[in-house]
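Reading through the structure tokens given below for one structure.
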Amino acid sequence: MHLLLVDGSGYIFRAFHALPPLSRKSDGLPVGCVQGFCNMLFKLTQDMDGDEAPTHMAVIFDAKGKTFRDDIYPDYKAQRPPAPEELVPQFPLTRSATRAFSIPSIEMEGWEADDIMATYAVMARQAGMKVTIASSDKDLMQLVEPDGSIRLLDTIPRPGQPPLRWIGPDEVMTKFGVSPDKVIDVQALCGDSVDNVPGVPGIGVKTAAELINAYGDLETLLSRAEEIKQPARRQKLIDNAELARISKRLVTLEQKVPVEIGLDGLVRQPMRPSALFPFLKAMEFATITKRLATLLEANPDDFEADPELKAGGSTDVGAPQKSTSLSVAKAKLAANATPGTGPARHAAEEHARVKAIPVDYDAYEIVTTPERLAAWVDKIVDTGRVSIDTETTGLDPQMADLVGICLSTAIGEGCYIPVGHALPGDLLGGGGLVEGQLPIRDVLAALKPVLEDASILKIGQNVKYDMEVLERYGIALAPIDDTMLISYALDGPRYNGMDVLADHWLEHKCISFSELAGTGKNQKTFDQLDIAAAARYAAEDADVTLRLWHVLKPRLSAENATTLYETLERPLAPVLARMEARGIMVDRQILARLSGDFAQRAAAFEAEAHELAGQSFNLGSPKQLGEILFDKMGLEGGTKTKTGAWSTGADVLEDLALKGIPLARTIVDWRQLTKLKGTYTDALPTYINPRTGRVHTSYSQASVLTGRLSSNDPNLQNIPVRTEDGRKIRSAFVAPPGKVLISADYSQIELRVLAHIADIQALKDAFEEGLDIHAMTASEMFNVPVEGMPSDVRRRAKAINFGIIYGISAFGLANQLGIERSVAGEYIKTYFERFPGIKDYMDAQRIRVKAEGHVTTLFGRKIQFPNANSGNPSERAFVERASINAPIQGSAADIIRRAMIRMEGELQRAGVDADMLLQVHDELIFEVPEGAEEAAIPVIKRVMEGAAEPAVRLSVPIQVDAHAAKNWDEAH
DNA sequence: GCAAGGACGTA
DNA sequence: GTACGTCCTTGCA
């Protein structure tokens, strides 16, 4: 008989660095260790067949919480850093994997896995069984028996070594220099820095082994310490005898853990396809699924992926918004977020702990020597985690130069490494660097290994910025966590910005940049600041970022936002960083010509307007215009804005124009031209980066309520398209010679999402059949055949469809269509009758937002409405409309995010050379070599159309149209 | 020099 | 009727 014990927790921690990182394809969930673990279980059961085959088996895990060792020595394992972020979701998954393989998964509160394994090993040996412990943990070496009855088996994959390696008495001798029964005596002397076992200071493994071999055991050694010849060693042993005894108790494994399951309960069970395949499918492990299918002679297709574990499964991602799920959602809310239950309590405790630690500016360090820099690098390696912020000469990550880097590895600490502070320059330029700074090359060379180390987490606030800056200095920052994105995943864009986050969560007011550098045109750039003052500001940033991370990160699991963050937020940041870095080419000449054209035509309109008004006035002033139209000319039907000024919006002027006021038309035309000139033809060329010759927008990933991106500096998401003049501007966005642009856009994505979420059969059928959706709507509403339908009928239906998405009101629809409110009300009534389901959906959102303060997208993104129960009726009505729109707009936004996250990898896998440049809500713009568009378009369409899956299986087809051309206007 | 309001470009 | 960002004027400091 043979008992096989697997050290589950040990495997996860040790395999993490040995295995290549692996993400679940459909949503990016890290699963590398889970896969390694499954492979290991498979291998163990395969390789140990015949006489070696285990008859009994269990996987043992560490339970959460304290053990008796914490009572003996409070600092035990105290300095061990929290598990790397990528590991956290894998802990529960390895337990699920164990169960999937039909193996007992054992963990006991108050005991470490090692103690449980020791207990079972001894029990089994006494019962005459052979024991194998699958672990390479040196603490378990004390259990090895010289007769081979208890052995260890190292299963951590290592390149160039066999997958399974035995550890017997010889290997223990190599490691500790003693036989297994003396291992604990050696450990008692040499201690263990990882677990914080003190040992005797100054005594290492070699000396310890020498002493134990000479004196036999620890107690004999301590009682005869006086005899030791070396005076320093003798004194150390005498002084620290008690520390050695405590250390021995810490490292000695308990062999009498009161296990609930006896050896009989560990008898090996055959693997069951019904347990195995739902798990493997949910993890999307194709290879091992295939191998086990062959082994078990089963067909995996007979089984569905475990709904609790699969991407977008119900454990974390919010339940789809069917009205019946309201009570379920409430129950989940209560179960997960009540203070006092595990994760929520932990988050609250962390918050209280971190908030209580005051910020101490004097604790910050300015790093100016190679030694101190090396010390900080060591610190980062030790903790496996660092918060980082880069200070630069400006706000544009594609232009700004690096001035300094700040780091923090522990709350209350921080350092600033100045590298680019400049002496005051003259008109001709800079006056060189301030003395005392380390050379930037040396600093970057020293930091590069840790900043790129896959096992060291880099924490930042708006990390995308730092990634772009550092990329230009040859550093690929990864892996990352972003406090801004964590906050966004939890609370939406409410507390954007580090100062606001610090104020809200830490009740700490950060030094503001303006109090350091001034404001306005005399504002200093960071390189002109005094290093000492800059250091306080900069190191505070790193310190505060780390504090925020400690406060916010635990809330992700407590509030079920981990999947959202890890699949829809964090992986998008590096994608956006690359898009921003690529930029897009803009033809300066086209814009210059247009600008001249627009200027001339605008001037003509201006003269005409002055003529018609009978006086000169500023056409750009709505105030002056209103006074001329409604006071001086005395026109009827003017309305006032909420501030009491005359309303002169385009719709008002359009009305006046129809009533025969030519001035109104002239103003409308003038405004259009000056808008295009001011915002686009004149402004865009100023954004061309001299280094790259291209325009680099900046995407904000965390500022839109619904989960959309926004674009600024410049905004490339509102480049004109609707008018002929506008499209001329769009045609100035071009591909460089030898390349073409591809524009791929989702067709009617929001209406399709609506059809799915609200479960509207008629809409779903129409999309299934590929009908013109607005014409179909018109035909249903107004009983007009689609064939030969008047364009106005279709236009009305289109307005209604959009109205539904926007949370329709009779008032708004009437306004839009220029019809009576009562007529608009009738339209809406008819719509609800023809498309049953819409009204239910809308009511469900209204109820939900009032009851819970938020609504959710298909992918679990919460959209908060803090004033859903406002006393102000118009505010309430506004929230109702927004809460109807938000799941639709937000689900569509989540879908294109998923497409973007997958896109680069899929293009690469397909061997297609294509660069993703821009996103405009439902459209992606790529740049590809001429001739590659034929290959690129099918890949792009496939990724975009399949982006929701497998997290969500939409009940409507998703359609993407893609075209290639030399400029954006023609590609669109 | 700055903030607010109005207007208008996009999905 | 939803969601944004930018430009310009205005009014106040």
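Convention: sequence-line order gives letters A, B, ...; per-chain numbering from 1. Only a predicted model underlies this, so the values are computations on that prediction, with no experimental measurement involved.
Within the nucleic acid shown, A:E750 has no heavy atom closer than 4.0 Å to any nucleic acid atom. In this structure, A:A683 reaches the sugar-phosphate backbone alone: every heavy-atom distance under 4.0 Å involves primed, P, OP1 or OP2 atoms, never a base. Residue A:R881 is classed as a sugar-phosphate contact, given heavy-atom separations below 4.0 Å to backbone atoms only. Contacts of A:F802 with the nucleic acid, taken as non-hydrogen atoms under 4.0 Å apart, are absent. Note on A:Q672: only backbone sugar-phosphate atoms sit closer than 4.0 angstrom, heavy atoms only; bases stay farther off. Residue A:I719 is in sugar-phosphate contact alone, with no base atom involved, counting any heavy-atom pair closer than 4.0 Å across all strands shown. Counting non-hydrogen atoms under 4.0 angstrom, A:A650 reaches the backbone sugars and phosphates but no base. Nucleic acid contact for A:S809: base, since at least one base atom lies under 4.0 Å from a heavy atom of the residue. Residue contacts for A:R671: at a heavy-atom cut-off of 4.0 Å it reaches the sugar-phosphate backbone alone, with no base atom in range. Nucleic acid contact class of A:G803 (heavy atoms, under 4.0 Å, all strands): base. Residue A:T674 is classed as having no contact, given no heavy-atom separation below 4.0 Å to the nucleic acid. As judged by a 4.0 angstrom heavy-atom cut-off over every strand, A:A799 is placed among the base-contacting residues. Among the atoms of the strands shown, base atoms are found under 4.0 Å from some heavy atom of A:I808. Looking at heavy-atom distances under 4.0 Å, A:S700 makes no contact with the nucleic acid at all.
Distances were taken from every side-chain heavy atom of A:N618 (C-beta onward) to each of B:dA7, B:dG9, C:dT9; the shortest belongs to C:dT9. Out of C:dA3, C:dG1, B:dG9, the shortest distance to the side chain of A:L813 is found at C:dG1. Comparing B:dA11, B:dG9, C:dT2 by their nearest atom to the side chain of A:P720 picks out B:dG9. Set against B:dT10, B:dA7, B:dG6, the side chain of A:V721 has B:dT10 as its closest nucleotide. Side chain of A:V704, nearest nucleotide from B:dG5, B:dG9, C:dC4: C:dC4. For A:R722, taking side-chain heavy atoms from C-beta onward, the closest of the listed nucleotides B:dG9, B:dA11, C:dT6 is B:dA11. The listed nucleotides are B:dG1, B:dC8, B:dG6; the one nearest the side chain of A:T519 is B:dG1. Of the listed nucleotides (C:dG1, B:dA11, B:dG6), C:dG1 has the atom at the smallest distance from the side chain of A:Q816. Distance from the side chain of A:R730 is smallest for B:dT10 among the nucleotides B:dG9, B:dT10, B:dA7.
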Could you go step by step and tell me if A:M842 and A:I808 meet the side chain to side chain contact (heavy atoms under 4.5 Å, CB included) rule?
-> CA-CA 10 Å; A:M842 292 183 157; A:I808 202 158; 4.2 Å; yes
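A:N967 and A:E970 share a donor-acceptor pair across their side chains, judged by distance under 3.5 Å alone.
A cation-pi arrangement is found for A:K640 relative to A:W646, the charged atom lying closer than 6.0 Å to the ring centre and inside a 45° cone about the ring normal.
The base of C:dT2 lies close enough to the side chain of A:Q889 for a donor and an acceptor atom to sit less than 3.5 Å apart. The base of B:dG9 is paired with the side chain of A:N718 by a donor and an acceptor separated by under 3.5 Å.
Distance CD1 (A:I884) to P (C:dG1): 14 Å, rounded to an integer number of Å. To the nearest angstrom, P of C:dC7 lies 24 Å from NZ of A:K623.
Taking the six-membered ring for Trp and thresholds of 30 and 60 degrees, A:F733 and A:W968 have ring planes more than 60 degrees apart, a perpendicular arrangement.
Salt bridge absent: A:D482 and A:K464 never bring a charged side-chain N and a carboxylate O closer than 4.0 Å.
Here the two rings, on A:H610 and A:F617, have centers that are under 6.0 Å apart.
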